[in-house]
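Keep in mind it's a predicted model, so treat the numbers as computed, not measured. Worth knowing before you read on, the calculation uses all heavy atoms, side chains too, and leaves out hydrogens, waters and symmetry mates.
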Amino acid sequence: MKPPAGIALFDSAATMARSLASFLHGRPFRSLGEPWIMRRLAPVLNHLPKPARRGFFALSSLTYAVSPKKVNSVSSDEVAEWFVGLYPQRRYPVIAIGSSNGALMHLCAALGAPWLPQTFLTPVRHTGVDPDDPQKGFEVGMPVVEKLLARNKNVAIHYMHDSNQDRLVLRHMGLFRQKFIRLPPAYRRFIETNLEPGGTLLIVDCQLQWPVRRISNDAVFQFGGVGGASLDEYYNGSNRVEAYLKSFGDKRSKWDPPAADDQTVEAEWGFEPGLMPDLLSIGQAAGANIRTLSFEQPEQLSVFVADFYRKWYGRIGIPPKRLLAESFMLLDPWLALKTGSVPFWLVFNAKPSVDALHDYLNDGAAFDDIFITVFPNGVEAVGQATISDWQGVLDRARNRGDLLGVDRDRFPADLATMVRYSKAIEALPKRAAMPGALPFRKVEEFASNHSQAGVSLTGYDTA
């Protein structure tokens with residue numbers, strides 16, 4: 001399905017929903033949705049000098065950016081229609097809704113369940129904005145916020161400006177994340193029509209918080225994002241930030257964002273609780289079992305899901321000895337199951353994600369094979385993990401460890417990674433036939449017997 005104006009296919013939510021939809025249609029996820037010119041030319045362009053690759057990386061994203069003159073045409077209801085249209089229209093014992101999270105896609109795959117994202121990204125074109133000038137970015141984005149809210153009454157706007165990880169695209173566009181705070185009609189119909197009687201409505205609640213500049217009751221400006229730089233570095237600078245700025249010829253020693261005057265859920269990953277009353281209402285009306293899966297940090301769910309897969313595999317006779325660590329939106333639930341891989345989703349290509357993998361292995365998880373996809377964001381950002389950092393994880397494999405689809409010499413400006421990674425996963429030896437979907441009680445049983453810091457599964461029956 002062609003996406004409507006106002007949603008970017010290069011965003012986490014759109015990519016994750018499409019990967020899960022591919023699984024539910026019974027096929028691997030073969031395309032991130034990048035423009036056809038990227039798929040055709042990336043292997044050739046990969047041989048260009050780094051500045052040229054960076055430029056192409058940034059400009060290719062403009063395919064999905066909305067003109068400022070057409071912001072009034074962006075409809076969150078149409079985006080919701082597009083999301084539900086991705087999935088097979090049939091009855092499901094479980095429907096998930098809420099926070100974006102790659103590990104969640106694997107949990108939904110195990111349950112044979114669709115997921116309705118609360119958050120989606122609307123990129124809007126602009127010119128003349130220095131990515132290292134968040135104050136200017138803030139000012140340029142205010143008219144866009146007003147127009148989006150005027151057309152869309154069921155969302156809150158999180159205008160996000162990350163000078164560290166998104167600098168290549170910020171020169172050309174502003175990034176406006178919209179979060180449903182009231183259930184759109186398409187989501188309501190999908191739940192009413194497709195949730196089995198007595199089924200489970202799973203609310204996914206990532207409680208990650210971030211300081212923001214409050215614009216209005218339903219709009220905030222967020223400087224920075226989850227990755228390698230700390231909050232303190234975003235707002236107060238550091239030696240790493242100064243070196244980063246100088247690498248781009250900038251004489252500033254730190255960023256100077258608008259002062260934060262509030263704190264709320266993080267733009268990309270957090271769950272906006274304003275949607276909860278509508279979810280409880282429709283769940284009760286449908287006689288559903290309402291469950292809330294809550295966690296503080298996105299990768300805490302990765303540990304939970306990886307351990308769940310290990311136990312599941314062991315019970316059905318698949319040796320849980322292959323780890324597939326997926327980075328940001330380089331993921332494929334179908335191929336993870338087809339290759340008998342234990343999935344461990346990583347938020348980004350930053351050092352904290354490497355540390356999360358090491359922590360998981362330190363806690364007793366041992367694997368014969370370890371494979372990792374690494375998302376190429378085009379620029380060496382503050383706190384970004386190096387190839388040597390990733391190799392340190394791969395060296396812990398008892399048999400084989402490798403990066404999948406990554407040109408080590410060209411990373412992170414390795415355009416072709418996004419074309420190669422799925423083929424690289426598909427080339428792994430297959431382990432077993434695709435197992436059938438699990439009942440949700442298996443997740444409940446696992447949650448009750450599995451102590452995972454920051455993760456809880458709660459709820460009540462209305463049937």
Novice: Out of L148, V155, I7, which residue meets the side chain to side chain contact (heavy atoms under 4.5 Å, CB included) rule with S76?
Specialist: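 So the option named by the test is V155.
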Novice: Check for a donor-acceptor pair, side chain of T373 on one end and backbone N or O of S327 on the other, with a separation under 3.5 Å.
Specialist: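 It does hold such a pair.
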Novice: Taking A267's backbone N and O only, do any of them form a donor-acceptor pair with K179's side chain (distance below 3.5 Å, no angle check)?
Specialist: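 It does hold such a pair.
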Novice: How close do F29 and S422 get, counting heavy atoms only, and between which atoms?
Specialist: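 Minimum heavy-atom contact is O-CB, 3.9 Å.
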Novice: For V71 versus V66, what's the shortest heavy-atom pair and its separation?
Specialist: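 Between these two residues, the closest heavy atoms are N-CG1, 4.0 Å.
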Novice: May I have all residue pairs that pass side chain to side chain donor-acceptor pair (under 3.5 Å) and include part of residues 94-118, sequence neighbours excluded?
Specialist: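 As it turns out, the side chain to side chain donor-acceptor pair (under 3.5 Å) pairs with a partner in residues 94-118, which skip direct neighbours, are H106-E326.
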Novice: If you look only at pairs with a residue in residues 116-137, which of them pass as a ring-ring contact (aromatic ring centres under 6.0 Å, His included), with sequence neighbours excluded?
Specialist: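 Applying ring-ring contact (aromatic ring centres under 6.0 Å, His included) to every pair that reaches into residues 116-137, excluding sequence neighbours, yields F120-F180.
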Novice: Drop me the distance from M16's CE to L104's CG, to the nearest 0.5 angstrom.
Specialist: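 These two atoms lie 9.0 Å from each other.
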Novice: Taking only residues two or more places apart in sequence, or in another chain, which ones meet Y87 in a ring-ring contact (aromatic ring centres under 6.0 Å, His included)?
Specialist: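 Counting only residues at least two positions away or on another chain, Y87 forms no ring-ring contact (aromatic ring centres under 6.0 Å, His included).
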Novice: What distance do T15 atom OG1 and L330 atom CG have between them, rounded to the nearest 0.5 Å?
Specialist: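 That separation rounds to 9.0 Å.
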Novice: Going by ring-ring contact (aromatic ring centres under 6.0 Å, His included), name the residues that satisfy it together with F328, two or more places apart in sequence or in a different chain.
Specialist: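 F328 satisfies ring-ring contact (aromatic ring centres under 6.0 Å, His included) with F348, F375 only.
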Novice: Only counting residues at least two apart or in another chain, list the ones meeting salt bridge (charged side-chain N to carboxylate O under 4.0 Å, His left out) with D355.
Specialist: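 Salt bridge (charged side-chain N to carboxylate O under 4.0 Å, His left out) list for D355, sorted by chain: K351.
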Novice: Considering non-hydrogen atoms only, spot the tightest contact between G364 and R310 and give its length.
Specialist: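 Smallest interatomic distance, heavy atoms only, reads O-NH2, 4.3 Å.
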Novice: Is the closest basic N to carboxylate O distance between R408 and D402 below 4.0 Å?
Specialist: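 Judged by the 4.0 Å cut-off on N to carboxylate O distance, R408 and D402 do form a salt bridge.
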Novice: Does a side-chain heavy-atom distance below 4.5 Å link W255 with D132?
Specialist: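 Touching, per the 4.5 Å side-chain cut-off.
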Novice: Would you call W334 and S22 a side-chain contact if the rule is heavy atoms closer than 4.5 Å?
Specialist: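 With C-beta onward as the side chain, the pair stays apart.
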Novice: Could I get the full list of ring-ring contact (aromatic ring centres under 6.0 Å, His included) partners for F446, not counting sequence neighbours?
Specialist: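 ring-ring contact (aromatic ring centres under 6.0 Å, His included) list for F446, sorted by chain: F304, F308, H450.
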Novice: Please find the pair of heavy atoms, one from M105 and one from A17, that lie closest to each other, and give the distance.
Specialist: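 Shortest heavy-atom separation between M105 and A17 comes out as SD-N, 4.5 Å.
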Novice: With sequence neighbours excluded, tell me which residues meet side chain to side chain contact (heavy atoms under 4.5 Å, CB included) with A381.
Specialist: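 A381: side chain to side chain contact (heavy atoms under 4.5 Å, CB included) contacts with N164, Q165, N377, Q384.
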Novice: Please assess S238 against D232 for the test side-chain hydrogen bond (donor to acceptor under 3.5 Å, both in side chains), listing each intermediate value before the final yes or no.
Specialist: CA-CA 8 Å; S238 69; D232 186 66; over 6 Å; no
Novice: Within the structure provided, determine whether L357 and I372 are in side-chain contact (heavy-atom separation under 4.5 Å).
Specialist: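 A side-chain contact exists here, since the closest heavy-atom pair is under 4.5 Å.
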Novice: I need the Y234 OH to W210 CH2 distance, nearest 0.5 Å.
Specialist: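 Here the interatomic distance stands at 6.0 Å.
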Novice: Do L438 and V443 have side-chain heavy atoms sitting under 4.5 Å apart?
Specialist: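 No; the side chains remain at least 4.5 Å from each other.
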Novice: If only atom types and distance count, is the side chain of E380 paired as donor or acceptor with the main-chain N or O of V382 below 3.5 Å?
Specialist: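 Between the backbone of V382 and the side chain of E380 there is no qualifying donor-acceptor contact (under 3.5 Å).
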Novice: With rounding to the nearest 0.5 angstrom, report the CD1 to CD distance, I157 to E146.
Specialist: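 Separation between the atoms: 11.5 Å.
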Novice: Mind checking what makes ring-ring contact (aromatic ring centres under 6.0 Å, His included) contact with F371, not counting sequence neighbours?
Specialist: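 Once residues adjacent in sequence are excluded, F371 has no partner under the ring-ring contact (aromatic ring centres under 6.0 Å, His included) criterion.
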Novice: Would you indicate whether the side-chain heavy atoms of W269 and S12 approach each other to under 4.5 Å?
Specialist: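 S12 vs W269: side chains touch.
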Novice: Keeping to residues at least two apart or across chains, list the side chain to side chain donor-acceptor pair (under 3.5 Å) pairs with something in residues 135-144.
Specialist: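 Matches after skipping sequence neighbours: Q135-E139.
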Novice: Can you sort out the partners of R125 under salt bridge (charged side-chain N to carboxylate O under 4.0 Å, His left out), two or more places apart, ordered by chain and number?
Specialist: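 R125: no salt bridge (charged side-chain N to carboxylate O under 4.0 Å, His left out) contacts found.
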Novice: Looking at side-chain heavy atoms only, is the closest gap between T119 and H158 below 4.5 Å?
Specialist: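 No; the side chains remain at least 4.5 Å from each other.
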Novice: Listed by chain and number, what are the salt bridge (charged side-chain N to carboxylate O under 4.0 Å, His left out) partners of E242, not counting sequence neighbours?
Specialist: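 Listed in chain order: K246.
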Novice: Out of curiosity, L403 CG to I370 CD1, how far, rounded to the nearest 0.5 Å?
Specialist: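 So the CG of L403 and the CD1 of I370 are separated by 11.5 Å.
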Novice: Here's a test for you: under ring pair (Phe, Tyr, Trp, His ring centres under 6.0 Å), which of F221, Y159, F223 qualifies with F138?
Specialist: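 So, applying the ring pair (Phe, Tyr, Trp, His ring centres under 6.0 Å) to F138 and each of F221, Y159, F223, only F221 qualifies.
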Novice: Which heavy-atom pair separates L170 from D162 by the least distance, and what is that distance?
Specialist: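 Minimum heavy-atom separation between L170 and D162: CD1-O, 3.3 Å.
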Novice: Does the pair D369/K321 count as a salt bridge with the N-to-O cut at 4.0 Å?
Specialist: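 No salt bridge links D369 with K321.
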Novice: Would you check if the side chain of R214 reaches a backbone N or O of S216 as a donor-acceptor pair within less than 3.5 Å?
Specialist: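 Indeed, once roles are kept as given, a pair shorter than 3.5 Å links the two residues.
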Novice: With a 4.0 Å cut-off on N to O distance, would you call D250 and R167 a salt bridge?
Specialist: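 No.
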Novice: Between atom CG of L275 and atom CG of N154, what is the distance when rounded to the nearest 0.5 Å?
Specialist: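 The CG atom of L275 sits 9.5 Å away from the CG atom of N154.
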Novice: Looking at G405 and D414, what are the two nearest heavy atoms and their distance?
Specialist: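 For G405 versus D414, the nearest heavy atoms are O-OD2, 4.0 Å.
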Novice: For E268, which residues count as a salt bridge (charged side-chain N to carboxylate O under 4.0 Å, His left out) partner, sequence neighbours excluded?
Specialist: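 Listed in chain order: R177.
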Novice: So do the side chains of L301 and W345 get within less than 4.5 Å of each other, counting heavy atoms only?
Specialist: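 Answer no - side chains too far apart.
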Novice: May I ask you to test the E299-L346 pair for a side-chain heavy-atom distance under 4.5 Å?
Specialist: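 Counting from C-beta outward, E299 and L346 do come under 4.5 Å.
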Novice: One pair to check against side-chain hydrogen bond (donor to acceptor under 3.5 Å, both in side chains): S341 and T339. What are the steps and the verdict?
Specialist: CA-CA 5 Å; S341 301; T339 58; 2.7 Å; yes
